[in-house]
4 protein chains.
Amino acid sequence: MPTQPPVALKPRKTPSQSRSRVTVDAIFEATIQVLLSQGMGELTTTVVAERAGVSVGTMYQYFPNKQALVYALNERFLTMLAERVEATCAQMQGRPIAEAAEALIDTYWAVKTERVELTQALYRSVAGLESDALLHAFAARVDRATTQMFRQASNSPLPDESALNLLLTTVIYGAVRNAFERGLDGEEISALKSELKAMCRAYLTSVGE
Amino acid sequence: MPTQPPVALKPRKTPSQSRSRVTVDAIFEATIQVLLSQGMGELTTTVVAERAGVSVGTMYQYFPNKQALVYALNERFLTMLAERVEATCAQMQGRPIAEAAEALIDTYWAVKTERVELTQALYRSVAGLESDALLHAFAARVDRATTQMFRQASNSPLPDESALNLLLTTVIYGAVRNAFERGLDGEEISALKSELKAMCRAYLTSVGE
Amino acid sequence: MPTQPPVALKPRKTPSQSRSRVTVDAIFEATIQVLLSQGMGELTTTVVAERAGVSVGTMYQYFPNKQALVYALNERFLTMLAERVEATCAQMQGRPIAEAAEALIDTYWAVKTERVELTQALYRSVAGLESDALLHAFAARVDRATTQMFRQASNSPLPDESALNLLLTTVIYGAVRNAFERGLDGEEISALKSELKAMCRAYLTSVGE
Amino acid sequence: MPTQPPVALKPRKTPSQSRSRVTVDAIFEATIQVLLSQGMGELTTTVVAERAGVSVGTMYQYFPNKQALVYALNERFLTMLAERVEATCAQMQGRPIAEAAEALIDTYWAVKTERVELTQALYRSVAGLESDALLHAFAARVDRATTQMFRQASNSPLPDESALNLLLTTVIYGAVRNAFERGLDGEEISALKSELKAMCRAYLTSVGE
DNA sequence: CATGAATGAGAGTTCATTCAT
DNA sequence: GATGAATGAACTCTCATTCAT
């Protein structure tokens with residue numbers, strides 16, 4: 001159970017009714033738009049509400065404050081990301097470990113590629129938040145999935161799978177993020193991706209014998 | 001030539017006189033303290049000036065606006081980091097490439113370790129800024145140094161050194177950053193560091209033969 | 001004829017049907033609860049409606065606006081108070097004037113004692129209202145009763161009964177209110193009560209000879 | 001030492017410099033004007049600042065929030081009132097007790113008469129505040145002065161002076177307040193004043209023998 | 001040059017009231 | 001009639017920036 005953030009950061013009510021769902025989605029979408037076109041500095045409640053076609057009051061019906069909105073948006077994104085990672089892990093169950101690692105790289109890379117600016121913007125938006133709890137919870141969830149994938153790989157590796165998992169995920173997440181933060185062109189970036197895979201393979205081969 | 005940021009972000013004058021130097025340093029130090037103890041949200045000009053023992057007016061003598069202060073602080077840090085990387089590169093000139101990579105890891109790791117919270121705080125402070133220019137300039141400078149180091153290594157590698165440099169730096173910077181963002185304990189983190197080195201070594205071996 | 005308050009302050013309809021009666025009572029009760037536990041600042045329509053177990057819309061069926069609700073609550077309380085004073089006056093008809101005064105003190109004191117916090121809260125709630133009309137109407141009604149009581153006392157007093165009534169009521173209402181506004185303990189307060197009676201008696205004796 | 005109110009209610013800095021003094025006075029005066037002409041409901045920070053000829057920001061330089069402003073205004077008034085009562089008490093030192101009581105009535109009556117609407121407005125303004133501490137501190141201060149005056153009267157009274165003080169002050173403060181809350185004309189009100197004095201005299205005579 | 005009181009645009013947030021369902 | 005989501009005007013408060021002293 002992650003520690004509660006100091007101010008309320010979760011939606012006031014679960015958006016279950018279809019009416020609410022639409023409204024909440026519109027607010028999320030508006031937030032993303034503003035985040036992309038203007039940045040965190042220009043993300044004001046008024047602007048978001050306007051963009052979403054609702055009143056500020058309505059926004060506050062669903063989010064107790066501005067922070068909570070940004071927090072929820074990040075949560076939504078991280079949940080999606082976690083689900084995709086989990087799907088990959090399920091699919092790669094029992095396959096050779098190098099292939100598993102490569103699949104993990106592909107998944108992360110794909111998410112980044114799909115919405116480069118958005119992931120960038122979200123990284124920035126979360127910087128001003130009390131978001132450690134959220135990020136740690138996400139990390140824990142994803143780690144659980146990948147650790148299990150690596151443990152149950154066909155060519156079971158070293159005794160300490162959790163250390164292996166830590167290394168691979170740290171390298172993969174870090175490298176992918178860093179790769180996209182540089183403004184590389186298509187060719188460079190795809191070359192980089194293959195080499196990253198090669199590096200993981202090389203390492204796994206070296207420890208696997 | 002990096003695009004100019006929309007508002008002036010550089011100090012109005014080079015702090016050459018010793019009086020100014022002291023003042024500017026006090027302001028930087030105060031900014032760091034506030035950033036560490038309160039976070040970016042509480043970083044107000046009044047608070048910084050107070051902490052630095054100067055008046056707001058004086059602060060504006062040296063920094064045209066608040067952004068410029070944060071920008072300059074980051075610039076100062078990145079310059080220091082670049083210098084240390086350059087020093088490492090100079091020192092590793094002509095050594096085997098794997099050793100060079102390890103030295104790069106050690107340098108980055110050392111900087112992070114010395115001031116974990118500060119680097120974290122600076123990452124956050126820069127998130128709200130038009131700082132792409134700064135970061136790209138820094139990346140270019142550091143890349144120049146490392147590329148040269150790798151090119152002139154005793155066991156000169158592949159034809160495309162710049163691709164090799166890209167891979168190694170992306171992996172190293174990304175992984176180091178990611179490693180410190182998780183709240184790992186001393187043992188985990190030092191194990192991680194050796195494995196990261198091992199991974200680089202394994203890769204270089206695999207492509208070097 | 002008291003001046004009309006600027007916005008409608010009376011319930012839209014007399015709550016004659018038993019259904020309505022129950023609803024209105026629930027709303028009143030909820031208002032009192034909120035007033036006591038949270039104070040006037042937290043008395044919002046949403047909170048009251050929730051506490052009363054009805055929707056805001058329903059509340060607006062019975063009270064055209066928030067002011068009207070508070071106004072009506074005060075009116076209800078003042079009516080009750082007036083009725084008790086009138087009962088006392090009827091009962092004291094023809095008795096010696098000093099006894100009448102003492103009975104008046106007892107009645108006021110009793111009402112205050114029964115619901116100290118409520119009377120206090122009501123005083124506060126009425127402070128932000130255009131309530132002069134209400135309070136004057138109440139004063140006039142009560143004055144009518146007491147004046148008559150004093151006039152028809154067995155030992156009829158001075159020629160100017162209305163001046164006598166003014167003095168006695170002013171002193172009694174003022175003193176009782178002031179007494180309860182200080183946070184006195186049981187002993188002090190009951191001693192104060194007897195002395196207040198003694199004072200009235202002394203005065204009446206002095207003018208009655 | 002009175003309990004601290006939950007939110008800061010005292011001015012941020014003592015207005016000692018003459019520049020500040022002027023500003024603070026302008027703000028107080030503006031607050032009074034708004035209170036008198038519009039009432040507590042219309043007392044907004046913007047309106048007060050405008051009326052005072054300063055910016056909102058300046059207001060917040062001297063008062064941490066709106067409550068604090070109203071609180072300080074009441075404090076200022078009560079301090080003045082306390083000083084006048086203390087002056088009266090000093091002057092009446094050693095005089096017969098009935099005269100002392102009459103002087104107390106005169107003092108209170110004078111203050112009320114001088115600024116009827118203001119005292120009314122202040123009563124209302126304080127109703128929405130966490131002002132118990134302030135009022136109790138004021139009551140204690142004034143009680144100290146009057147108790148001493150009664151104790152050292154030439155015709156020293158009953159053994160329990162503090163009970164006597166309680167009765168007299170409760171009756172006087174309560175009655176005076178109540179008298180002015182009714183909208184009496186000049187004749188009625190001066191007649192009432194003499195009778196109030198007469199009543200105190202009668203009581204003191206009755207217990208003094 | 002240094003100071004820091006003054007500024008005021010603009011941010012986040014609340015809540016009485018309405019009206020489509 | 002009852003509901004409660006939606007509204008948006010209005011409020012309090014902040015803080016980067018200026019400029020008279």
Side-chain angles (χ1 to χ4, degrees), chain A residues 7 12-13 15 17 19-20 22-24 41-50 53-69, chain B residues 7 13 17 19-20 23 41-50 53-69, chain C residues 7 13 17 19-20 23 41-50 53-69, chain D residues 7 12-13 15 17 19-20 22-23 41-50 52-69:
Chain A
V7 286
R12 221 167 237 159
K13 47 152 67 179
Q17 303 84 359
R19 190 102 136 81
S20 308
V22 169
T23 306
V24 168
E42 270 59 38
L43 190 91
T44 68
T45 51
T46 326
V47 168
V48 169
E50 211 165 306
V54 299
S55 68
V56 231
T58 298
M59 252 195 57
Y60 277 87
Q61 199 110 40
Y62 296 101
F63 303 96
N65 51 53
K66 199 180 105 172
Q67 274 189 61
L69 168 62
Chain B
V7 286
K13 48 149 63 183
Q17 304 85 353
R19 193 104 143 73
S20 308
T23 305
E42 271 60 38
L43 190 90
T44 68
T45 51
T46 324
V47 168
V48 170
E50 207 167 317
V54 299
S55 69
V56 237
T58 299
M59 253 193 58
Y60 274 83
Q61 202 80 34
Y62 295 101
F63 302 96
N65 51 53
K66 195 181 125 178
Q67 273 188 62
L69 168 62
Chain C
V7 287
K13 49 148 63 182
Q17 304 86 353
R19 193 103 144 76
S20 310
T23 305
E42 271 60 36
L43 190 90
T44 67
T45 50
T46 325
V47 168
V48 169
E50 207 167 317
V54 299
S55 69
V56 237
T58 299
M59 253 194 56
Y60 274 83
Q61 203 80 35
Y62 295 102
F63 302 96
N65 51 52
K66 197 182 127 179
Q67 275 188 59
L69 167 62
Chain D
V7 286
R12 220 168 237 160
K13 47 154 66 181
Q17 303 85 358
R19 191 100 137 76
S20 309
V22 170
T23 305
E42 269 63 36
L43 190 92
T44 69
T45 51
T46 326
V47 168
V48 169
E50 210 166 306
V54 299
S55 68
V56 229
T58 298
M59 253 196 56
Y60 276 87
Q61 198 111 40
Y62 295 101
F63 302 97
N65 50 54
K66 199 180 106 172
Q67 274 189 61
L69 168 63

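From a predicted model like this one, the values you see are computed outputs, not experimental measurements.
When both pairing distances are held under 3.5 Å, E:dT21 makes a Watson-Crick or G-U pair with F:dA2.
Taking the nucleotide of DNA chain F with the nearest heavy atom to each of B:Val56 and D:Val56, the more 5' of the two is matched to D:Val56.
Across all strands shown, D:Thr58 has heavy atoms under 4.0 Å from base atoms, whether or not it also approaches the sugar-phosphate.
One finds the CG atom of A:Asn65 at 10.5 Å from the OG1 atom of A:Thr45 (value rounded to the nearest 0.5 Å).
At least one side-chain nitrogen or oxygen of A:Tyr62 sits closer than 4.0 Å to the OP1 or OP2 atom of F:dA6. For the pair D:Thr23 and E:dA6, the criterion of a side-chain N or O lying under 4.0 Å from OP1 or OP2 is met. Close to E:dC15, at under 4.0 Å from its OP1 or OP2, lies no side-chain N or O of C:Thr46. An OP1 or OP2 oxygen of F:dA16 is reached within less than 4.0 angstrom by a side-chain nitrogen or oxygen of B:Thr45. For the pair D:Ser55 and E:dG8, the criterion of a side-chain N or O lying under 4.0 Å from OP1 or OP2 is not met.
Using a 4.5 Å heavy-atom cutoff, the side chains of D:Val47 and D:Glu42 are not in contact.
The listed nucleotides are E:dT13, F:dT12, E:dT7; the one nearest the side chain of D:Val54 is E:dT7. Closest contact between the side chain of C:Asn65 and the listed nucleotides F:dT12, E:dT17, F:dG4 involves E:dT17.
Of all the heavy atoms in B:Ala49 and B:Ser55, the pair that sits closest is CB-C, 3.9 Å.
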